[in-house]
Amino acid sequence: MSKILVKTKTKTYPVFIGNKSLNQIDKFISSDSKVLILIDKNVKEKCSQLVEKIENTFSDKNILIINCTEKNKSIKTVEKICKYLSDNFYNRQSTIVSIGGGILGDLAGFVASIYMRGIKLIQIATTILSAVDSSVGGKTGVNFHNKKNLIGTFYQPEAVFINSEFFSTLHKREIISGIGELVKYALIIPDLYDFFLREIKQVLFKKEVSDKLIQTSISIKAEFIKADEKEETGLRKILNLGHTFAHGFESATNFRISHGQAVFSGIICALMVSERKCLMQGNVLKKFLKDFSFIPNNKILKQIDTNSVLNFMRSDKKNSQGEINLVLPSKDGIVINFPVEENVLIKTINSFKRMI
Ligand SMILES: NC(=O)c1ccc[n+]([C@@H]2O[C@H](COP(=O)([O-])OP(=O)(O)OC[C@H]3O[C@@H](n4cnc5c(N)ncnc54)[C@H](O)[C@@H]3O)[C@@H](O)[C@H]2O)c1
């Protein structure tokens with residue numbers, strides 16, 4: 001088992017990685033703390049033994065099962081959880097334990113941050129995406145009127161637990177989704193490009209997610225969070241590479257494609273924009289497409305309505321003064337807040353649709 005400390009201005013907390021990581025969990029619940037365990041419905045059904053072991057760790061607890069879809073990542077579900085907390089007299093000493101992927105983690109984090117102005121939160125990641133990305137960093141939130149993560153907070157957990165045993169029951173779609181966020185790290189840290197390329201192949205073809213891969217990903221994310229917890233200086237925005245297109249793709253398909261799949265496609269589009277804008281030297285896009293050609297694109301995107309994607313991109317949180325700002329790869333590293341004209345975005349989305 002390994003431990004990474006995530007240091008932020010508001011909190012320092014550990015991320016435990018490994019098969020024995022869950023043995024540490026009781027250390028984070030004080031004896032006077034009543035626990036609400038939120039569990040993703042699929043995790044409860046498919047990982048029942050692991051889940052039961054976690055449930056048994058807590059004495060004073062209730063369990064609420066959540067059907068985790070992007071549609072249910074909503075204010076309505078937040079209200080349902082808050083009502084449950086209130087009806088069962090949870091108080092400021094209480095703790096929410098989230099056992100699920102990114103959807104549940106974002107929902108649970110949001111509820112923990114607003115119920116009684118903030119109660120304790122523990123994240124147990126059950127998807128690859130949540131293990132390498134979303135469980136750490138404190139971004140919480142829900143979708144609003146089809147707009148991705150429009151309402152949310154920054155709220156750090158007490159601790160995060162990652163046990164890759166959970167991943168054996170993941171559907172291929174979710175494995176590809178996790179890969180989307182890993183590809184992002186490969187481009188952000190050029191020195192680790194080959195490491196991530198190798199590891200991603202292991203994940204896709206052998207269903208092997210090494211603890212080293214998780215540790216490396218979380219360590220990268222932790223550095224960005226330490227430097228810029230709330231995206232104030234802009235440094236953390238680098239982690240949003242591909243996400244402006246991705247959120248447009250997710251919303252315009254009515255969430256029929258997974259988040260990570262959308263991120264992978266969004267990264268390709270970001271590279272295409274960089275090439276159009278002459279931000280990169282040589283054939284970076286060509287090399288990337290060749291190196292990562294083993295990752296399938298979701299053909300739903302071929303039929304996507306370009307104007308609808310653009311419309312959702314206009315609502316992105318990174319925009320300012322009516323301009324669509326992108327995070328883009330460049331020859332000097334990743335640039336943030338790069339304003340891109342709408343006609344360039346339209347051409348890029350159309351070329352991407354023709355390409356896949
Ligand atoms: N907070 C952040 O920093 C951050 C970062 C990246 C993504 N996100 C958010 O994360 C979400 C995507 O997360 P995700 O990819 O984990 O999706 P998810 O939570 O929807 O899980 C994907 C699917 O896998 C199922 N599942 C979960 N664990 C399983 C297991 N062990 N075995 C079998 N099935 C399992 C779920 O029920 C769901 O159907 C998006 O909403 C995205 O916006 C947040």
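Numbering starts at 1 and runs along the sequence shown. When a ligand or atom number is given, it counts from 1 through the structure's own listing order. The analysis underlying the following values was restricted to heavy atoms, covering all of them including side chains, and did not include hydrogens, waters or symmetry mates.
- In terms of protein heavy atoms, atom 27 (C) of ligand 1 is closest to Thr127 CG2, 3.3 Å.
- Closest protein heavy atom to atom 23 (C) of ligand 1: Glu174 CD, 3.4 Å.
- Ring-centre distance between Phe16 and Phe28: below the 6.0 Å cut-off.
- Summary of contacts: the protein heavy atom closest to atom 20 (O) of ligand 1 is Ile103 CD1, 3.0 Å.
- If you look at Ser177 next to ligand 1, the close heavy atoms, those under 4.0 Å, all belong to the side chain.
- Given atom 36 (C) of ligand 1, the protein heavy atom at minimum distance is Asp40 OD2, 3.1 Å.
- The nearest pair of heavy atoms linking Glu231 to Phe154 is N-CZ, 4.5 Å.
- Salt bridge annotation for Asp316-Lys148: absent, with no cationic side-chain nitrogen under 4.0 angstrom from a carboxylate oxygen.
- More than 12 heavy atoms of other residues, nucleotides or ligands lie within 6.0 Å of NZ in Lys302, so this atom counts as buried by the packing criterion.
- For Ser135 and Ser130, the side-chain atoms include no donor-acceptor pair closer than 3.5 Å.
- Looking at Thr253 and Leu301, their side chains come closer than 4.5 Å, going by heavy atoms from C-beta outward.
- Remark: distances from the non-hydrogen atoms of Lys221 to ligand 1 include one below 4.0 Å.
- Checking only distances, Glu181 never comes within under 3.5 Å of ligand 1, N or O to N or O.
- Among protein heavy atoms, atom 4 (C) of ligand 1 sits closest to Ser134 CB, 3.2 Å.
- Inter-residue side-chain proximity for Lys237 and Asn325 is flagged as unmet; no heavy-atom pair is nearer than 4.5 Å.
- Residue Lys46 approaches ligand 1 through these ligand atoms, each under 4.0 Å from one of its heavy atoms: 33 (C).
- Judged by distance alone, the side chains of Glu250 and His243 never bring a donor and an acceptor atom under 3.5 Å apart.
- Classified by interplanar angle (parallel below 30°, tilted 30° to 60°, perpendicular above 60°), the ring pair Phe352/Phe249 is parallel.
- Taking a cut-off of under 4.0 Å to the non-hydrogen atoms of Val43, the atoms of ligand 1 that pass are 27 (C), 28 (N), 29 (C).
- Considering backbone and side-chain N/O atoms, Cys47 never comes within less than 3.5 Å of an N/O atom of ligand 1.
- Looking from atom 10 (O) of ligand 1 to the surrounding protein, the closest heavy atom is Gly102 CA, 3.3 Å.
- Short contacts between ligand 1 and Lys73, defined as distances under 4.0 Å to a heavy atom of the residue, involve ligand atoms 9 (C), 40 (C), 41 (O), 42 (C), 43 (O).
- Summary of contacts: the protein heavy atom closest to atom 35 (C) of ligand 1 is Leu170 CD2, 3.6 Å.
- Using modelled atom types and a 3.5 Å distance limit, the side chains of Ser21 and Asn163 yield no donor-acceptor pair.
- Residue contact check: Gly101 has heavy atoms under 4.0 Å from atoms 16 (O), 19 (O) of ligand 1.
- With atom 28 (N) of ligand 1 as the reference point, the heavy atom nearest to it among Thr140, Asp106, Ile225, Thr126 is part of Thr126.
- Looking at Ser33 and Thr95, their side chains do bring a donor and an acceptor atom within 3.5 Å of each other.
- Remark: ligand 1 atoms within the under-4.0 Å shell around heavy atoms of Asn149 are 43 (O).
- Short contacts between ligand 1 and Glu70, defined as distances under 4.0 Å to a heavy atom of the residue, involve ligand atoms 40 (C), 41 (O).
- Within the 4.0 Å heavy-atom criterion, the part of Lys148 lying near ligand 1 is the side chain and not the backbone.
- Looking at Lys76 and Glu79, no side-chain N of the basic residue comes within less than 4.0 Å of a carboxylate O on the acidic one, giving no salt bridge.
- What sits closest to atom 15 (O) of ligand 1 on the protein, heavy atoms only, is Leu129 CB, 3.5 Å.
- Closest approach of Ile304 to Lys353, counting heavy atoms only: O-NZ, 2.6 Å.
- When heavy-atom distances to ligand 1 are checked against a 4.0 Å cut-off, His259 comes that close only through its side chain, counted from C-beta outward.
- Close approach of ligand 1 to Asn42 is summarised as follows: ligand atoms under 4.0 Å from at least one heavy atom of the residue are 25 (C), 36 (C), 37 (O), 39 (O).
- For ligand 1, one of its N or O atoms has an N or O atom of Phe166 under 3.5 Å away.
- Distances shorter than 4.0 angstrom do not occur between any heavy atom of Gly100 and any atom of ligand 1.
- Annotation: Lys286, atom NZ; neighbour count of heavy atoms from other residues, nucleotides and ligands within 6.0 Å does not exceed 12.
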